[in-house]
Amino acid sequence: MFDGPSVAAALKTCGVTHVVWVPDSVLGQWDSAFSGDPDLALIRVCREGEAVAVAGGLYLGGRRPIVLMQCTGLFEAGDSLRNFIHDLKLPLFFLIGVRSYFAHQQGATTDTCPVFTEPILKAWGLSYVVLERRHSPADLAAAYRDAQAERRAGAALLAE
Amino acid sequence: MMDAGAALEVLAAHRGDHVVVTTMSAVGIWPSLSDTPLDFAYLPSSMGQGPALGLGLALAQPGRGVVVVNGDGCMLMNLGSLVTLANHPADLYLLIFDNGLYEVTGGQPTAGTGHVDFAAMARAAGIGRVYSFDGIDDWRAQAAEVLSGPGPVAAWLRVQGKHGQTTPKPPRPMAEQIERLQRALGM
């Protein structure tokens, strides 16, 4: 079960200092948990490519950010993501909401978001895990820690 | 209208201990004026992301001060960053060098050449401290004020564009730049 307080708690166990985001309808329900947590700074940006760049600056300055966005934002953020994880080689981590994931699995949607999300992550060379209903914030924390331990960028896809 | 190199000389004289992030054409000029570990040539870049990168640095290092030298073409690619800067108070000093050109691709006009008021845009985005400079004397006279005090600050400088330019090269590889910067920041 993913909810704001449990996700915020999991991120803090990883040492995350800043949540940089453009929310979607699922992630957005966590707003009050992040904005009300004195140990997490919530950075609201206007576009997802910008979120990647703010996170890059935070990382360069010694902080531990995570970027939260919808898969549509991932599509928008491609060049920024390419630059910060491949040119600057920063081990940034992303939690990406995949709109219509379950409906797509059931053949019950024409939404193309689930069609392209994983191929695009593969194209950008960004390793990822998929978090479905059986997973918990502890799995998110584990994915974050694994990426940080290996000093590589990574992502977790939140099935929606 | 002022010469971009002369405008950067003024910045070099007043930047103090601020981190200076350069983008595009400024990357080719700045190392001849300053080449310290606190100078970060954002190249290779994602065009338009310089202000956001600078904001992240400024938020991570309160009190340090971060100057971002951004071009008008870069600014137009990410106008929303003005809103983001306004929403997150930090000592970020955004200098918009407006030459009306995509200079590093040879000198083509942008969609905004001649009719965009970046100072008005910055104000409308909610940035409280906004400056506008047409000539080098005014910039020189107010640079110390612009580059001090609480941010965010946006300054719009009209500079002469050059045709026939090519993409500059950063003074050193990115990995080395990052290592120098982080060491200078005490990491």
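Just so we're on the same page: letters track the sequence lines, and every chain starts at 1.
Other residues, nucleotides and ligands contribute more than 12 heavy atoms inside 6.0 Å of the NZ atom of A:K12. The number of heavy atoms from other shown groups lying within 6.0 Å of CG (B:D17) does not exceed 12.
Heavy-atom neighbours of chain A within the stretch residues 44-52 of chain B, taken at a separation under 4.5 angstrom, comprise B:P44, B:S45, B:S46, B:M47, B:Q49, B:A52.
Nearest heavy-atom pair across B:T84 and A:R44 is CG2-O, 3.7 Å. Pairing each heavy atom of A:R63 with each of B:P62, the nearest pair is NH2-CD, 4.0 Å.
Atom CE of B:M174 is separated from atom CG of A:L90 by 8.5 Å, given to the nearest 0.5 angstrom. Atom CG of B:N87 and atom CD1 of A:I43 lie 8.5 Å apart (nearest 0.5 Å). A distance of 11.5 Å separates CG in B:L79 from CZ in A:R47, rounded to the nearest 0.5 Å. Here the straight-line distance linking atom SG of A:C46 with atom CG of B:N78 works out to 8.0 Å at 0.5 Å rounding.
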* For B:I178 and A:Y59, run side-chain contact (heavy atoms from CB on, under 4.5 Å): C-alpha distance rounded to whole Å, both residues' side-chain angles, the deciding distance at 0.1 Å, then the answer. => CA-CA 11 Å; B:I178 291 173; A:Y59 187 87; over 6 Å; no

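The greatest number of non-hydrogen atom pairs below 4.5 Å with chain A, out of B:V21, B:L85, B:L57, is found for B:L57. Of the listed residues (A:G62, A:G57, A:G56), the greatest number of heavy-atom pairs within a distance under 4.5 Å of chain B belongs to A:G57.
Between A:D87 and B:Y42 the shortest side-chain heavy-atom distance does not fall below 4.5 Å.
Both the backbone and the side chain of B:L53 come within less than 4.5 Å of a heavy atom in chain A.
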